[in-house]
Amino acid sequence: VAVRRTSFEGDPEGRAELIRRSRASGALRHPGLLDVYEVFEDEGDVCLVFEWIRGKTAAQRLAREGPFPLPEAIRALEPVCEAVVFTHQRKLTRGRLRTDGIVFTEQGSTKLADLDAKLDGGAAGERADVRALGACLYHLVTGVPAGQDFVAASRRVQGLPPVVDALIEEALSPSDGPAPLTAAAF
């Protein structure tokens, strides 16, 4: 197990929010989510006891090995997408999806390692999670975070099929449109 201790001196609202969100995460059990075993307060600090995973994050692997081949990026994101869908089905959102929060286990699968779910994230929170999934896919296949100098992934990586560009662009679209992309569709 691992323990994270967070101090909230002078911020009782922040402490209460972390406890609430961490307990919501602790109630979720899914193979693609890091397990939170216990949430408690000690001398005003919030302590989280959670599953310890020996492995590298996707961001660490990107820094060491460069962009992922498309099939490997899909394999890495599949359990994460399933975990996000599972979370959304329980009326929660993740709120923080980045390549530094995706951990490869010793068995080669991936888990989403952020420790707090957002309650009542609603459609806007779900849409933000889908945007984050698109940003993760872009980062994995190009090696470049989706950001200011955004260009289509296929312009950075030869041989990527046009469907990858379309998926990333739809996920990153700021429009909530009539039928926004969902985590399940992603």
Side-chain angles (χ1 to χ4, degrees), residues 1-6 18-40 46-119 121 125-126 128-147 153 157 160 164 167-168 171-172 181-186:
V1 298
V3 177
R4 183 175 83 185
R5 183 181 197 105
T6 305
L18 178 61
I19 290 169
R20 191 170 75 103
R21 291 168 71 178
S22 297
R23 286 187 175 145
S25 284
L28 300 174
R29 291 288 180 261
H30 186 277
L33 293 172
L34 192 71
D35 288 335
V36 177
Y37 301 123
E38 190 172 356
V39 180
F40 62 94
V46 176
C47 300
L48 307 175
V49 180
F50 56 93
E51 175 184 13
W52 181 72
I53 299 175
R54 179 178 302 182
K56 301 279 185 217
T57 68
Q60 289 169 326
R61 286 192 54 190
L62 279 166
R64 188 179 73 230
E65 301 169 21
F68 289 38
L70 181 59
E72 188 176 340
I74 291 168
R75 275 192 306 276
L77 281 181
E78 187 174 13
V80 173
C81 288
E82 291 169 357
V84 171
V85 169
F86 178 82
T87 303
H88 289 177
Q89 289 169 341
R90 279 136 190 89
K91 306 297 183 215
L92 302 168
T93 59
R94 298 313 304 177
R96 185 183 182 273
L97 295 168
R98 299 187 329 200
T99 56
D100 64 356
I102 299 170
V103 179
F104 285 86
T105 68
E106 288 182 314
Q107 296 77 27
S109 64
T110 54
K111 285 194 171 216
L112 185 56
D114 73 345
L115 295 175
D116 47 287
K118 289 187 175 181
L119 302 167
E126 289 181 14
D129 285 349
V130 171
R131 282 190 192 105
L133 288 170
C136 286
L137 177 59
Y138 185 85
H139 193 188
L140 291 176
V141 298
T142 67
V144 178
V157 179
L160 281 180
V164 174
L167 178 63
I168 290 169
L172 294 178
L181 185 64
T182 64
F186 189 85

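This structure is a prediction, so every number in the text was calculated from the model and none was measured. We count residues from 1, following the sequence as given.
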Do any side-chain atoms of residues 138-145 form donor-acceptor pairs under 3.5 angstrom with protein atoms, and if so which ones, sequence neighbours left out?
| unit_1 | atom_1 | unit_2 | atom_2 | d |
| --- | --- | --- | --- | --- |
| Y138 | OH | V151 | O | 2.7 |
| Y138 | OH | R156 | NE | 2.8 |
| H139 | ND1 | T99 | OG1 | 3.0 |
| T142 | OG1 | Y138 | O | 2.7 |
| T142 | OG1 | V144 | N | 3.0 |
| T142 | OG1 | V144 | O | 3.1 |

Over all heavy atoms of both residues, which pair between [X] and [Y] is shortest? Give the atoms and the distance, please.
X: R75; Y: P79; value: O-CD, 3.1 Å
X: C81; Y: A183; value: CB-O, 4.5 Å
X: A153; Y: I168; value: CB-CD1, 4.0 Å
X: L172; Y: G134; value: CD2-C, 4.0 Å
X: A113; Y: V103; value: CB-CG2, 3.6 Å
X: R23; Y: V39; value: NH2-O, 3.4 Å

Side-chain heavy atoms of [X] within contact of [Y], under 4.5 Å:
X: T87; Y: L33; result: yes
X: F186; Y: V84; result: no
X: V1; Y: W52; result: no
X: S25; Y: R94; result: yes
X: R61; Y: F68; result: yes
X: L167; Y: L181; result: yes
X: L77; Y: I102; result: yes

Spacing of K111 atom NZ and T57 atom OG1 [to the nearest 0.5 Å]: 16.0 Å
Gap separating the CG atom of L34 from the CG atom of L48, nearest 0.5 angstrom: 10.0 Å
Start with the C-alpha gap between E65 and K56, add the side-chain angles, then the distance that decides, and say whether salt bridge (Lys or Arg N to Asp or Glu O under 4.0 Å) holds. CA-CA 12 Å; E65 301 169 21; K56 301 279 185 217; over 6 Å; no
If the condition is side-chain hydrogen bond (donor to acceptor under 3.5 Å, both in side chains), which residues does E78 pass it with, not counting sequence neighbours? none
Taking it one step at a time, do R5 and V46 satisfy side chain to side chain contact (heavy atoms under 4.5 Å, CB included)? CA-CA 6 Å; R5 183 181 197 105; V46 176; over 6 Å; no
Does a side chain donor of either Q107 or T105 reach within less than 3.5 Å of an acceptor in the other side chain? yes
Would you say R29 has more than 12 foreign heavy atoms packed within less than 6.0 Å of its CZ?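 Yes, enclosed.
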